[in-house]
Amino acid sequence: MYADRIRNLPPYLFAAIDKAKQEARARGVDVIDLSVGDPDLPTPEHIVEALRRAASDPSNHQYPSYEGKLAFRTAVANWYQRTFGVDLDPNNEVLTLIGSKEGIAHAPLAFINPGDAALVPDPAYPVYKTATSFAGGEPLIMPLLRENRFLPDLDAISPADARRAKIMFLNYPNNPIGACADRSFFRKLIDFARDYSIIILHDNPYSETYYDGERSLSLLEMEGAKDLAVEFHSLSKTYNMTGWRIGSVVGNADVVAGIAKIKSHIDSGTFAAVQDAGIVALSSPKEFVDDIRRIYKHRIEILYKALKDLGMELEKPRATLYLWAWVGGSSIEYAGRLLEKTGIVATPGVGFGRFGEGYIRFSITQPTARIEEAVSRLEKMGK
Ligand SMILES: Cc1ncc(COP(=O)(O)O)c(C=O)c1O
């Protein structure tokens, strides 16, 4: 019945975890779900109110435009200017997405012919690899290793592989690791991509969840980046809007146009009222994001200490919503034992690729009191 494309596909990581959670709940376990990066804090009221208003405007009830409202795209461009000092032309360098996952999943269809290759980090958000395969491409794995500060070793990519690659996916601040990239890596990356004519698809939904005072970067801040790169961005994590499904891809106009063309044959745009509310979100006072950051930072501190006390090897994440802890051995078995002993659901690292094996990812998107409860269960569990 099914095409090879889905017969060869593993279950989506979080769908499989959902099943384990449901089974535990059915057994009466008080599950603390630290598996998914889905902010527990509600969308701020001024954004919800903007949606209420926009939803009752009949001009928002018809098909939206394929590329998104110019007003939304302008709000994205203004946000990029304010946040990163990056200039974007809302007319051709910004495209509205139905969440960044949608754009990431469709992007390879615009650039990959069957047999072409895509450079894909591992461990990583699983969509990069599957989207490449859906387009008939071959993912070429770039391991993210601790000894390289969890950055891909560009010198280790063979010239033959580099020549075959049409696109490269990257993601900093990184899910699942929490690592960030610095300017010198981005500089080297752009030179590498230029040498081999590789399009860079940089996924940047965690740019605003950083904790050590130093803001995180947009790849587009680097000189020459716009010649060959686009960046995916999302309102999901910055404004607690995962359920709203709105994001954008920005940067190189030809790359943006390719993704727009694919999308115009697949979907019919993002609900216009959600875009109106998105404009309000993107114009929110900076203090609002600062407040969220403070809450996350506190949660990271307490969970980090508990995991360290348990003997896990980990670094405090500089950004993102995740702690990435080395436990050694099978991460699936470890996650199973953790659920059994504590009722805590965490994500086995191998779910993000084979270089994630031996690690467990803990998300901090549960209320602080639940994270404190998780900490006390971890303390009881002992080493
Ligand atoms: C690295 C990364 N990229 C993209 C997404 C998708 O975000 P959204 O589709 O909600 O914009 C996520 C969500 O967890 C993510 O972790």
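Only heavy atoms go into these numbers, but all of them, side chains included; no hydrogens, no water, no symmetry mates. Ligands are counted one by one from 1 in listed order, and the atoms in each one are counted from 1 as well.
- Every protein residue with a heavy atom nearer than 4.0 Å to ligand 1 is included here: Gly99, Ser100, Lys101, Ile104, Tyr125, Tyr128, Asn171, Asn175, Asp203, Pro205, Tyr206, Ser234, Ser236, Lys237, Arg245.
- Ring geometry, Tyr125 versus Tyr128: the interplanar angle exceeds 60°, so the pair is classed perpendicular (tilted spans 30 to 60°).
- Taking the six-membered ring for Trp and thresholds of 30 and 60 degrees, Phe84 and Trp79 have ring planes more than 60 degrees apart, a perpendicular arrangement.
- Surrounding CZ of Arg5 are at most 12 heavy atoms belonging to other residues, nucleotides or ligands under 6.0 Å away.
- Counting only residues at least two apart or in different chains, salt bridge (charged side-chain N to carboxylate O under 4.0 Å, His left out) contacts with residues 43-55 comprise Glu45-Arg52, Glu49-Arg52, Glu49-Arg53.
- Under the 30°/60° scheme for interplanar angles, the aromatic rings of His202 and Tyr172 are found to lie parallel.
- Met168 pairs with exactly one of Leu201, Ile199, Leu228, Leu154 by the side-chain contact (heavy atoms from CB on, under 4.5 Å) rule, that one being Leu154.
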